[in-house]
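Written below as structure tokens is the structure these notes are about.
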Amino acid sequence: MTSLVLHLRGPMQAWGGDSRFNTRSTERFPTKSALVGLLAAAHGRPRGSDVSDLVVLSMVTRVDQAGQMMRDYHTVGGGYPKGGRIKVAGGGERPEAQATLVSERYYLADAAFTVMLSGDAETVASSGAALEHPRWAPALGRRSCPPAEPFILGVIDHDPVSYLRDVLPVVRDVTMGQGRSVTFIVDDPEGQTRGVREVPHKALNNWSSYGERRVRRWTEELEEERFVIDPLALVSQEVGV
């Protein structure tokens with residue numbers, strides 16, 4: 001099975017699942033729609049483009065570091081001169097007199113995940129190449145959340161679960177009380193539904209065109225030698241785009 005291996009780490013990440021209006025939440029681990037969007041952006045596909053070739057890629061996630069939930073109190077406007085207007089999503093405007101726009105935005109701080117996207121060899125290889133030279137910069141859910149290095153670990157032919165469980169190191173300092181229990185989330189048509197609409201049917205458009213994702217999720221305790229502190233240890237594996 002051909003897979004693209006990504007390490008998603010950064011100061012902040014935001015994986016929206018049911019974000020609406022003034023509250024922008026985040027899931028505890030990357031969503032399928034966010035990863036499809038990341039690949040589509042790298043390919044240079046605008047919103048509304050057909051992404052059916054990317055949607056069918058299966059996704060396996062390893063939670064290397066769960067991170068901490070963080071809330072940002074966010075405002076727009078309030079300092080405009082009299083008669084000023086505030087631009088809003090959708091391209092419209094509203095008078096400044098209609099009050100400051102307030103929203104709460106949630107992030108994961110200091111989290112890390114390793115994700116493998118598997119499927120057709122040509123689609124996987126072209127997506128890896130696109131990420132090496134992206135049309136639009138990749139982000140960890142929101143544009144304000146760039147990924148840290150190493151980000152693209154390569155394209156490999158290996159069973160995703162056994163590779164993440166038995167081969168690729170886990171970046172975590174277990175001596176600092178973080179423990180050796182590691183969670184895996186795997187796409188599974190027979191698995192449990194997450195109750196979150198995160199799978200685009202064909203295009204990255206609006207929430208009405210998204211379906212629920214079924215996954216199998218479990219936690220294992222790995223041997224201590226499977227853990228490393230330095231993220232650069234990940235690139236020592238024999239992988240490469």
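Numbering of residues begins at 1 and proceeds along the displayed sequence.
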Should the heavy atoms of other residues, nucleotides or ligands under 6.0 Å from CD of Gln68 be counted, would the total exceed 12? no
Side-chain donor/acceptor of Asp230 to backbone N/O of Ala233, under 3.5 Å: no
Does the Ser126 side chain pair with the main chain of Glu122, one donor and one acceptor, at a distance under 3.5 Å? yes
Side-chain H-bond candidate by donor/acceptor type, Asp53 with Thr123, under 3.5 Å: no
Excluding sequence neighbours, so at least two apart, what forms ring-ring contact (aromatic ring centres under 6.0 Å, His included) with His43? none
Under 3.5 Å donor-acceptor, Arg214 side chain and Asp188 backbone: no
Salt bridge (Lys or Arg N to Asp or Glu O under 4.0 Å) partners for Arg172, two or more places apart: none
Given 3.5 Å as the limit, does a donor-acceptor pair link the side chain of Arg62 with the main chain of Leu168, or not? yes
Hey, any chance Leu35 and Val56 share a hydrophobic cluster, counting ILVMFWY side chains that come within less than 4.5 Å of each other, even indirectly? no
For Met59 versus Pro30, what's the shortest heavy-atom pair and its separation? CE-O, 3.6 Å
Examine Trp218 and Leu164 and state if one hydrophobic cluster contains both, with Ile, Leu, Val, Met, Phe, Trp and Tyr joined whenever side-chain heavy atoms are less than 4.5 Å apart. yes
Between Arg9 (side chain) and Ala111 (backbone), is there a donor-acceptor pair under 3.5 Å? no
Got a donor-acceptor contact below 3.5 angstrom from the Lys32 side chain to the Ser58 backbone? no
How would you list, by chain and number, every residue that makes a ring-ring contact (aromatic ring centres under 6.0 Å, His included) with Phe227, sequence neighbours excluded? none
Expected output: side-chain Arg165 to main-chain Leu222 donor-acceptor under 3.5 Å: no
Is any side-chain heavy atom of Arg105 closer than 4.5 Å to a side-chain heavy atom of Arg142? yes
Would you check if there is a donor-acceptor pair between the side chains of Thr219 and Thr183 at a distance under 3.5 Å? yes
